[in-house]
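Just so you know, these numbers come straight off a predicted model, no measurement behind them. For the single chain, residues carry numbers from 1 onward in sequence order.
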Amino acid sequence: MSSPRTAEISRNTSETQIRVAINLDGRGQQKLDTGVPFFDHMLDQIARHGLIDLDIAAKGDLHIDAHHTVEDVGIALGQAVAKAMGDKAGIRRYGHAYVPLDESLSRVVIDFSGRPGLVFNVPFARALTGTFDLDLTREFFQGFVNHALVTLHIDNLRGDNAHHQCETVFKAFGRALRMAAELDPRAAGTIPSTKGSL
């Protein structure tokens with residue numbers, strides 16, 4: 001078996017100090033401490049449903065709000081995924097998932113295209129879940145997309161409970177990421193692109 005695809009990224013700014021360690025070939029183990037409990041709960045969904053080991057520690061200017069912390073974790077996670085993926089040889093490239101939670105249903109489709117693009121269609125039923133500003137969900141995924149260099153389509157197809165809507169998005173993202181990053185034994189060593197690179 002080939003070596004696990006791992007990476008560690010540190011991102012330090014005047015607003016946040018973040019460390020992300022990732023193992024794309026993990027078992028869904030996680031250690032999460034961003035200072036934003038609901039966000040940690042969502043990151044846990046990525047790890048568990050993507051079978052990706054995640055170790056994320058973040059300190060941010062939470063006395064202002066969670067915006068910088070959530071966005072910068074997305075950036076650092078995108079950088080870590082890109083580093084762990086390497087040249088992307090042998091990957092499936094595309095991944096998709098539908099995930100329900102009670103009345104809510106979300107679909108996520110991802111392409112390790114080498115180009116950043118986000119389509120985000122999630123009509124949250126309310127602006128907050130607990131104290132977490134759900135606008136930050138898009139900011140997280142935009143940061144991820146810009147630095148992982150992926151095309152990502154996120155659609156909440158139905159839902160009345162904002163917590164359920166958000167959770168189905170993160171669960172589906174974890175599943176789709178897992179599928180796209182998976183090594184395809186029939187494509188060993190080849191780049192899944194007519195361009196010869198991604």
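- Hydrophobic clustering (ILVMFWY, side-chain heavy atoms < 4.5 Å, transitive): Leu136 and Val169 are in one cluster.
- Tracing side-chain contacts under 4.5 Å through hydrophobic residues (I, L, V, M, F, W, Y), one never reaches Val81 starting from Leu51; they form parts of separate clusters.
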Take Glu182 and Ile91 through the test side chain to side chain contact (heavy atoms under 4.5 Å, CB included) and record every step on the way to the result.
CA-CA 6 Å; Glu182 191 174 48; Ile91 65 166; over 6 Å; no
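- Other residues, nucleotides and ligands contribute more than 12 heavy atoms inside 6.0 Å of the NE2 atom of His41.
- Here the side chain of Asp65 pairs a donor or acceptor atom with the backbone of His67 at under 3.5 angstrom.
- Aromatic ring centres of Phe112 and Tyr94: separated by at least 6.0 Å.
- A distance of 11.5 Å separates CD of Glu15 from CG of Leu62, quoted to the nearest 0.5 Å.
- In this structure a side-chain-to-backbone donor-acceptor pair under 3.5 Å is missing from Asp184 to Arg92.
- Within the model, atoms CG of Asp61 and NE2 of His63 stand 5.5 Å from one another, a figure rounded to the nearest 0.5 Å.
- Ring geometry for Phe141 versus Phe170: interplanar angle of 30 to 60°, hence tilted.
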CA sep, side-chain torsions, deciding dist, call: Arg175, Leu177, side chain to side chain contact (heavy atoms under 4.5 Å, CB included):
CA-CA 5 Å; Arg175 297 283 297 187; Leu177 179 61; over 6 Å; no
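- Ring centers of Phe140 and Phe120: at least 6.0 Å apart, outside the cut-off.
- The nearest pair of heavy atoms linking Ile110 to Ala180 is CG2-CB, 3.6 Å.
- By the 4.5 Å heavy-atom criterion applied to side chains, Ile154 and Leu118 are counted as neighbours.
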Walk me through whether Asn161 and Ser104 qualify under side-chain hydrogen bond (donor to acceptor under 3.5 Å, both in side chains).
CA-CA 7 Å; Asn161 180 301; Ser104 186; over 6 Å; no
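- Shown here for Cys166 and Phe38, the closest heavy-atom pair between the two residues is SG-CE2, 3.9 Å.
- Contact between Gln30 and Ala47 at its shortest, heavy atoms only, is CB-CB, 3.9 Å.
- Side-chain atoms of Arg5 come within 3.5 Å of backbone N or O of Ala181 as a donor-acceptor pair.
- Thr16 places no side-chain N or O within donor-acceptor distance of the main-chain N or O of Thr13, the cut-off being under 3.5 Å.
- Using a distance-only test at 3.5 Å, with no hydrogens or angles considered, a donor-acceptor pair links the side chain of Gln165 to the main chain of Ala125.
- Separation of atoms CZ (Arg126) and NE2 (His163) is listed at 9.0 Å; rounding is to 0.5 Å.
- Under the 4.5 Å side-chain contact rule for hydrophobic residues, Ile46 and Val122 share a cluster.
- One N or O on the side chain of Glu103 and one on the backbone of Asp160 form a donor-acceptor pair closer than 3.5 Å.
- The pair Glu167-Lys171 meets the salt-bridge criterion, since a charged nitrogen lies less than 4.0 angstrom from a carboxylate oxygen.
- Side-chain contact check for Ile9 versus Lys83: some heavy-atom pair is nearer than 4.5 Å.
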When you look at Val70 and Phe132, which way does the side chain to side chain contact (heavy atoms under 4.5 Å, CB included) test go after all the steps?
CA-CA 10 Å; Val70 173; Phe132 185 80; 4.0 Å; yes
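- Salt bridge annotation for Asp55-Arg19: present, with a cationic side-chain nitrogen under 4.0 angstrom from a carboxylate oxygen.
- The shortest distance between side-chain heavy atoms of Asp111 and Arg93 falls below 4.5 Å.
- The minimum heavy-atom distance between Ala76 and Val20, with the atom names listed, is CB-CG2, 3.7 Å.
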Let me see the working for Ile22 and Asp53 under side chain to side chain contact (heavy atoms under 4.5 Å, CB included), right down to the final yes or no.
CA-CA 6 Å; Ile22 189 170; Asp53 293 346; over 6 Å; no
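- The side-chain heavy atoms of Ile75 and Asn146, taken from C-beta on, include no pair separated by under 4.5 Å.
- Connection of Leu152 to Met85 is established within a shared hydrophobic cluster, with ILVMFWY side chains joined at heavy-atom distances below 4.5 Å, either directly or through further cluster members.
- Taking OH of Tyr98 as the start and OG1 of Thr168 as the end, the distance is 13.0 Å to the nearest 0.5 Å.
- Atom OG of Ser113 and atom NZ of Lys88 lie 6.5 Å apart (nearest 0.5 Å).
- Nearest heavy atom pair, residue Ile18 against residue Thr69, reads CD1-O, 4.2 Å.
- No side-chain donor from either of Thr6 and Asn23 sits under 3.5 Å from a side-chain acceptor of the other.
- Note on Leu134 and Met42: same hydrophobic cluster, where clusters join Ile, Leu, Val, Met, Phe, Trp and Tyr whose side-chain heavy atoms are under 4.5 Å apart, directly or indirectly.
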Could you walk me through whether Thr34 and Asp40 pass the side-chain hydrogen bond (donor to acceptor under 3.5 Å, both in side chains) check?
CA-CA 6 Å; Thr34 66; Asp40 287 347; 2.7 Å; yes
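- Between Ala7 and Ala80, the closest heavy-atom pair is CB-O, 3.4 Å.
- At a threshold of 4.5 Å between non-hydrogen side-chain atoms, the residues Asn156 and Leu105 do not count as touching.
- From Gln79, atom CD reaches atom CZ of Arg11 across 6.5 Å, with rounding to the nearest 0.5 Å.
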